[in-house]
*Asks:* 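Handing you a structure now.
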Amino acid sequence: MNWEQVPNHVDGKDVPAASGEWLDKFRPADASLLTQLARSGPADVDAAVAAAHRAQPGWADRTVVSRGDLCREIALALRSQREELSELVAAETGKSIDAARGETDAAIEMGFFTAGEGRRYYGRTTTASMEHRTVLTMRQPLGVAGLLISFNTPLPNVAWKVFPAILCGNACVLKPSEHTPASAHAFATTCREAGLPDGVLNVVQGLGSEAGAALVEHPDVDLVSFTGSAATGRRINETAGRRLAKVCLELGGKNALVVCDDAALDNAVRWALASAFSNAGQRCAAASRIVVFDPVYDEFRSRFLAEAREYDPGPVISEEALARLVEAGAERIDRPGYWVEPTVLEGIAPDAELSCRELFGPITILYPVGDLDEAVSLVNDSPYGLTAAIHTASIHRAMRFAEQAQAGVVVVNGGTHGSEPHMGFGGVKQSGTGWREAGVEALDVYSDWKYVNLIADPAKA
Ligand code: NAD
């Protein structure tokens, strides 16, 4: 593969954008030029959607078992390229090679999990009030799926959407983040080499406002599945909603981690650090609010600050992202690339703008609270509701928190984190529109239910 330029991938072929233009992509670690990506627009999206439209019926005609088998072949092919893929992700994002390997593994696992679903794909049978009638359900594909994703964990972000979308018999047009074009292109190339028919997975590179907007507006895109910020999600929902397309939005978070006065503090500090700063805080599940009971506040604070000073979160994705973080109070590190110090803020009111806005960087805010009720109301006093964590030795506190925290995922005595391939992931309030990705729940995003009525003896019915 030539990494000097990342083209589009349409109908099984690598093609430049119709405009002939390219965008520069810089390495976050040192701001040097990594590659260029095709600057696509409506003409490229048209070509990709048309290719998907042509390929989809033939793909859907295969059995779901055979589509699952191909997901397994793709996962095996990804595994054989684990090292190259991880190096690509490390270069594109600036994260460590170990972190990139973990993400490559997560993308591969999603393929294996989805492959197994090809041999389950269960429906239901039920009775009816009319005699001699059996009713059963079956899933049907939606058609062409428009997939738009964030840069933060690029390979899992692709895998979480592409594997269930193709298993369910859809053809896809993927618009990766302009910050991570190469890993998406490598994924599509691997799919083609593993035997995925031309046109089932197309990749259109470019900017959100150009390629992304054109994909969301396209009348032949039956499903828009988006992972990114609430601001972009809102715009996408308005556009796709106008033509009543199915829309699945997985959005941001302002996740809280609560440290009670009976918490094991070593464990709480360890998880708070990883939750706030790993992946440079560029995680939808990042703990950007840390809520600490008064009696342990000072001790937690001094340990947390001491370890935060030593923490290396890695660079953030771009100069623009860095500028936004500096505006919010982070300090730029004086070296080439997009590096900021891990930042801990205090004395910010829970309803202040900084407490409510997702910053998507290595910045977290500490809040003291008197008791669990106060902690829960602070946790829930947020426009978002993706994940939440509590550190406590009390089962009672843990269960009350699990019941009352407004979130899609709750963790007891661990970090605020995402999920594994078999666990549905998503949030409430402005963290999404109620869908869950991964797990068998993802099948509900990428298929529709059909009820089939069988009347076995028409003469008697
Ligand atoms: P973003 O919203 O800026 O961009 C996401 C994608 O949308 C990119 O591919 C971008 O090019 C595209 N886009 C931008 N404007 C568009 C438009 N007008 N029309 C169509 N597409 C457009 O988000 P980001 O900075 O890439 O990612 C960070 C956000 O993603 C954070 O809010 C984070 O919490 C969220 N996120 C959520 C999850 C989840 O599962 N809930 C997972 C990862 C990231």
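Whatever order the structure lists ligands and atoms in, that order sets their numbers, starting from 1.
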*Asks:* Return the OG1 to CG distance between Thr35 and Asp24, rounded to the nearest 0.5 Å.
*Replies:* 9.0 Å
*Asks:* Tell me, which protein residue and heavy-atom name are nearest atom 16 (C) of ligand 1, and how many Å apart are they?
*Replies:* Thr232 CG2, 3.3 Å
*Asks:* Identify the protein heavy atom lying closest to atom 28 (C) of ligand 1, giving its residue, its atom name and the separation to 0.1 Å.
*Replies:* Phe360 CE2, 3.3 Å
*Asks:* Can a donor-acceptor pair be found between the side chains of Ser225 and Tyr446 at a distance below 3.5 Å?
*Replies:* yes
*Asks:* Report yes or no: do Ser229 and Thr232 form a side-chain donor-acceptor pair below 3.5 Å?
*Replies:* yes
*Asks:* Mark up the atoms of ligand 1 that fall under 4.0 Å of a heavy atom belonging to Arg235, in ascending order.
*Replies:* 18 (N)
*Asks:* Any heavy atom of Trp160 sitting closer than 4.0 Å to ligand 1?
*Replies:* no
*Asks:* Strictly by modelled atom types, are Asn267 and Asn413 linked by a side-chain donor-acceptor pair under 3.5 Å?
*Replies:* no
*Asks:* Once you round to the nearest 0.5 Å, how far does SG of Cys191 lie from CG of Asp198?
*Replies:* 12.0 Å
*Asks:* With the threshold set at 4.0 Å, does a side-chain nitrogen-carboxylate oxygen contact exist between Arg332 and Glu341?
*Replies:* no
*Asks:* Would you mind checking which non-hydrogen protein atom is closest to atom 25 (O) of ligand 1, with the distance to 0.1 Å?
*Replies:* Phe151 CE2, 3.5 Å
*Asks:* Can Gly432 be said to touch ligand 1, with heavy atoms closer than 4.0 Å?
*Replies:* no
*Asks:* Do Ser40 and Asn8 have a side chain donor and acceptor closer than 3.5 Å?
*Replies:* yes
*Asks:* If you measure from each non-hydrogen atom of Pro176 to ligand 1, which part falls under 4.0 Å: side chain, backbone, both or neither?
*Replies:* backbone
*Asks:* Please confirm whether Gly208 comes within less than 3.5 Å of ligand 1 when only nitrogen or oxygen atoms on both sides are compared.
*Replies:* yes
*Asks:* My understanding is that we take every heavy atom of each candidate and find the minimum distance to atom 2 (O) of ligand 1. Doing that for Ser229, Gly408, Ser431, Ala321, which one comes out nearest?
*Replies:* Ser229
*Asks:* When you measure from atom 35 (C) of ligand 1 to every protein heavy atom, which one gives the shortest distance, and what is it?
*Replies:* Gly228 O, 3.2 Å
*Asks:* Under 3.5 Å, is there a donor-acceptor pair between the side chain of Asn237 and the main chain of Arg234?
*Replies:* no
*Asks:* One residue to check: Glu358. Relative to ligand 1, which of side chain, backbone, both or neither has a non-hydrogen atom less than 4.0 Å away?
*Replies:* side chain
*Asks:* Less than 4.0 angstrom from a charged side-chain N to a carboxylate O is my criterion; do Arg39 and Glu178 meet it?
*Replies:* no
*Asks:* Distance to 0.1 Å, residue and atom name: give those for the protein heavy atom nearest to atom 39 (C) of ligand 1.
*Replies:* Cys284 SG, 3.5 Å
*Asks:* Between Phe151 and His179, what is the ring plane arrangement, given parallel below 30°, perpendicular above 60°, and tilted in between?
*Replies:* perpendicular
*Asks:* Can you list the ligand 1 atoms lying under 4.0 Å from a non-hydrogen atom of Ser150?
*Replies:* 24 (P), 26 (O), 27 (O), 28 (C), 30 (O), 44 (C)
*Asks:* Would you mind telling me if ligand 1 is within reach of the side chain of Arg283, the backbone, both or neither, using heavy atoms under 4.0 Å?
*Replies:* neither
*Asks:* Relative to the heavy atoms of Glu178, which atoms of ligand 1 are at a distance of less than 4.0 Å?
*Replies:* 10 (C), 11 (O)
*Asks:* Using a 4.0 Å cutoff against the non-hydrogen atoms of Leu148, which atoms of ligand 1 qualify?
*Replies:* 20 (C), 21 (N)
*Asks:* Identify, for atom 7 (O) of ligand 1, the protein heavy atom at the shortest distance, and state residue, atom and that distance.
*Replies:* Phe226 CE1, 3.2 Å
*Asks:* Counting only heavy atoms closer than 4.0 Å, does ligand 1 sit against the backbone of Ile149, its side chain, both, or neither?
*Replies:* backbone
*Asks:* Using a strict cut-off of 4.0 Å, indicate which atoms of ligand 1 neighbour a heavy atom of Gly212.
*Replies:* 19 (N), 20 (C), 21 (N)
*Asks:* I need the atoms of ligand 1 closer than 4.0 Å to a non-hydrogen atom of Ser177, numbered in the order shown.
*Replies:* 9 (O)
*Asks:* Are any non-hydrogen protein atoms located under 4.0 Å from atom 9 (O) of ligand 1?
*Replies:* yes
*Asks:* Do the non-hydrogen side-chain atoms of Val158 and Ser183 ever get within less than 4.5 Å of each other?
*Replies:* no
*Asks:* Going through the distances and angles, do Glu437 and Lys161 end up as a salt bridge (charged side-chain N to carboxylate O under 4.0 Å, His left out)?
*Replies:* CA-CA 8 Å; Glu437 288 209 297; Lys161 292 199 191 295; 2.9 Å; yes
*Asks:* Considering only the protein, which heavy-atom contact is closest to atom 37 (C) of ligand 1, and what is its distance?
*Replies:* Leu251 O, 3.1 Å
*Asks:* Considering only non-hydrogen protein atoms, determine which one is nearest to atom 40 (O) of ligand 1 and report residue, atom name and distance to 0.1 Å.
*Replies:* Phe425 CE2, 3.4 Å
*Asks:* Using distance alone, with no hydrogens and no angle criterion, decide if His218 and Asp46 have a side-chain donor and acceptor under 3.5 Å apart.
*Replies:* yes
*Asks:* May I ask you to list the atoms of ligand 1 that are less than 4.0 angstrom from any heavy atom of Lys175?
*Replies:* 9 (O), 10 (C), 11 (O)
*Asks:* Fit a plane to each ring of Phe425 and Trp160, take the angle between them on a 0 to 90° scale, and name the class: parallel (under 30°), tilted (30 to 60°) or perpendicular (over 60°).
*Replies:* perpendicular
*Asks:* Is a salt bridge present between Asp444 and Arg436, judged by a nitrogen-to-oxygen distance below 4.0 Å?
*Replies:* no
*Asks:* When only distance counts, is Ser209 in polar contact with ligand 1, meaning an N/O pair under 3.5 Å?
*Replies:* no
*Asks:* Looking only at heavy atoms, is any part of Asn152 under 4.0 Å from ligand 1, and if so is it the side chain, the backbone, or both, or is it neither?
*Replies:* side chain
